2 protein chains.
Amino acid sequence: MKKEETEKILALLKSEGKRLTSKRALVYQVIQESESHLPAEEIYLRAKAIDPNISLSTVYRTLNILKELGLVRELHLDEEHHHYELVGGTAHYHMICSQCGKVEEFKSKLVERLTEELEKNYGFETKSIHIDFIGLCANCRSKT
Amino acid sequence: MKKEETEKILALLKSEGKRLTSKRALVYQVIQESESHLPAEEIYLRAKAIDPNISLSTVYRTLNILKELGLVRELHLDEEHHHYELVGGTAHYHMICSQCGKVEEFKSKLVERLTEELEKNYGFETKSIHIDFIGLCANCRSKT
DNA sequence: GTCTCTGCAAACTGTTTGCAGGTAC
DNA sequence: GTACCTGCAAACAGTTTGCAGAGAC
C-alpha cells in the first residue's frame with residue numbers, strides 16, 4: 001500500500017480515535033488490489049493467505065469501519081451476502097449475467113441526467129446510486 | 001382476490017404440479033394489496049392478521065414459489081432482509097431516504113435509453129433492472 | 001386415496017458481539 | 001501504561017428444511 005494512502009487512512013482513523021493496525025491495512029489492501037467487488041468471505045480468504053492469523057470477525061469489523069469512514073462501499077447485489085468495493089474511482093454500475101454470474105461494470109452519462117431529473121421532479125438529493133441490470137452477457141447470448 | 005387472477009395463478013401452479021391453497025392465495029393477496037414492497041416478516045404479520053394459523057415458513061415457501069412462477073420479485077434494498085413486490089404493473093425504481101427511511105418510487109424514459117445503450121455497447125440483453133437512489137427526500141431536506 | 005402442503009422446531013448462513021489476552025501509540 | 005484491537009466461541013437475524021399430520025384434487 002502506498003505511503004500517501006496509508007497516511008490518508010491513518011488520519012481518518014485517528015479522527016475517530018481508532019488505530020491503524022496491520023490487519024486493517026491488510027483488509028484495505030485486499031479490496032484495493034482486487035479492483036472489483038468482493039464478498040466478505042473472499043476478502044477473508046485472500047487476507048488469510050497473506051496473514052494466516054487474521055479472523056473473519058476482524059474482517060467484518062474492519063469492513064464496517066472502512067464503510068463508516070467512507071472508504072469502502074457495501075453492495076447488495078442479487079445474492080445472499082454483501083459485496084464490498086473501494087469508494088473513489090469513477091462511479092460505475094453493474095450488469096449481472098443470470099446465466100454465468102459474471103458481473104461487468106459500466107458507466108453512462110444518462111445516469112447523471114436521471115439524477116437531475118429526480119432532483120427536479122421530486123426534490124430528491126442524491127448521495128449515492130446503485131444500478132444493477134440483470135440479464136444475459138454477450139458471451140452467454142452467443143452460446144444460445 | 002379476483003376470479004381471473006385466481007385462475008391465472010391456479011394454472012401456473014398446476015403446470016408445475018403444485019396446488020392452490022388458501023395460504024398461498026393469502027400471501028399473494030397481501031402482497032398485491034400492499035401496492036408496495038414488503039419484507040417477509042411484514043407479509044407474515046399481515047397474513048396472520050387474516051389467518052392466524054399461517055406460519056412464517058409457509059410465507060417463505062410461498063414467496064419462493066411465487067418468485068419461481070415469475071409473479072413476485074425479490075428486492076435487495078439497502079437492508080439486511082429482502083423485500084417482495086408484485087411483478088407486472090409498470091416498471092419502477094426506488095429513491096430511498098437515508099434519513100427517514102422512506103422509499104419512493106419513480107420511473108423514467110431514461111432507463112429505457114440506458115437499456116438500449118448497454119445492448120449496443122456491450123451486447124447485454126436486459127431481463128430486469130434494479131435502480132436505487134440513496135439520498136435525502138424533499139421532506140427531510142427542508143427540515144435541515 | 002394419493003401426493004402435496006403445512007406448522008413446528010431444529011438447522012443453516014451471513015454477520016455481530018462479549019470476553020480475555022495482545023498491541024498501537 | 002492505557003485504550004483500543006484481536007481471535008475465539010457463542011449469539012444473532014433472516015431464511016431453509018425434515019418430519020408427521022392435515023388438506024387439495
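As the structure is a prediction and not an experimental result, all values here were calculated from the model. Chain A is the first sequence line, chain B the second, and so forth, proteins listed ahead of strands; every chain is numbered from 1.
In this entry the distance linking CG of A:Leu10 with P of C:dC25 reads 7 Å, nearest Å. Atom CD1 in A:Ile43 sits about 13 Å away from atom C1' in C:dG14, given to the nearest Å. Counting to the nearest Å, the C1' atom of D:dG23 and the CD1 atom of B:Ile54 are 15 Å from each other. Residue A:Leu26 contributes atom CG, which lies 10 Å from atom P of D:dG7 at whole-angstrom precision. For the pair A:Ile65 CD1 and D:dT6 C1', the computed distance is 11 Å after rounding to whole Å. Whole-Å rounding puts the A:Glu42 CD to C:dT13 C1' distance at 17 Å. Distance CG (A:Leu75) to P (C:dT15): 12 Å, rounded to an integer number of Å. In this structure, the NZ atom of A:Lys14 is 10 Å from the C1' atom of C:dA24, given to the nearest Å.
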Can you tabulate the close N/O pairs, meaning under 3.5 Å, that link protein atoms to atoms of nucleotides 12-16 of chain D?
residue, atom, partner, partner atom, Å
D:dT15, OP1, B:His82, N, 3.1
D:dT15, OP1, B:His82, ND1, 3.3
D:dT15, OP2, B:Tyr60, OH, 2.1
D:dT15, O5', B:Tyr60, OH, 3.1
D:dT16, OP2, B:Asn64, ND2, 3.2

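OP1 or OP2 of D:dT6 sits under 4.0 Å from a side-chain N or O of A:Arg24. The shortest distance between the side-chain N/O atoms of B:Lys18 and the OP1/OP2 oxygens of C:dC3 is not below 4.0 Å.
Residues satisfying the side chain to side chain donor-acceptor pair (under 3.5 Å) criterion with B:Arg61, sequence neighbours excluded, are absent altogether.
Ring-centre distance between A:His130 and A:His76: not below the 6.0 Å cut-off. Note: A:Phe106 and A:Phe133 meet the aromatic proximity criterion, with ring centroids under 6.0 Å apart.
In summary, A:Arg46 and A:Glu42 engage in a salt bridge, as defined by a charged side-chain N under 4.0 Å from a carboxylate O. With respect to B:Arg141 and A:Glu119, a salt bridge is recorded, a charged nitrogen being found less than 4.0 Å from a carboxylate O.
Side-chain N/O atoms of A:Glu85 and A:His92 include a donor and acceptor closer than 3.5 Å.
Comparing B:Asp51 and B:Gly17 along DNA chain C, the residue whose closest nucleotide (by nearest heavy atom) sits nearer the 5' end is B:Gly17.
Under the 4.5 Å side-chain criterion, counting only non-hydrogen atoms from C-beta, A:Ile131 is not in contact with A:His94.
Between C:dC25, C:dC5, C:dT6, one nucleotide has an atom nearer to the side chain of B:Arg19 than all others, and that is C:dC5.
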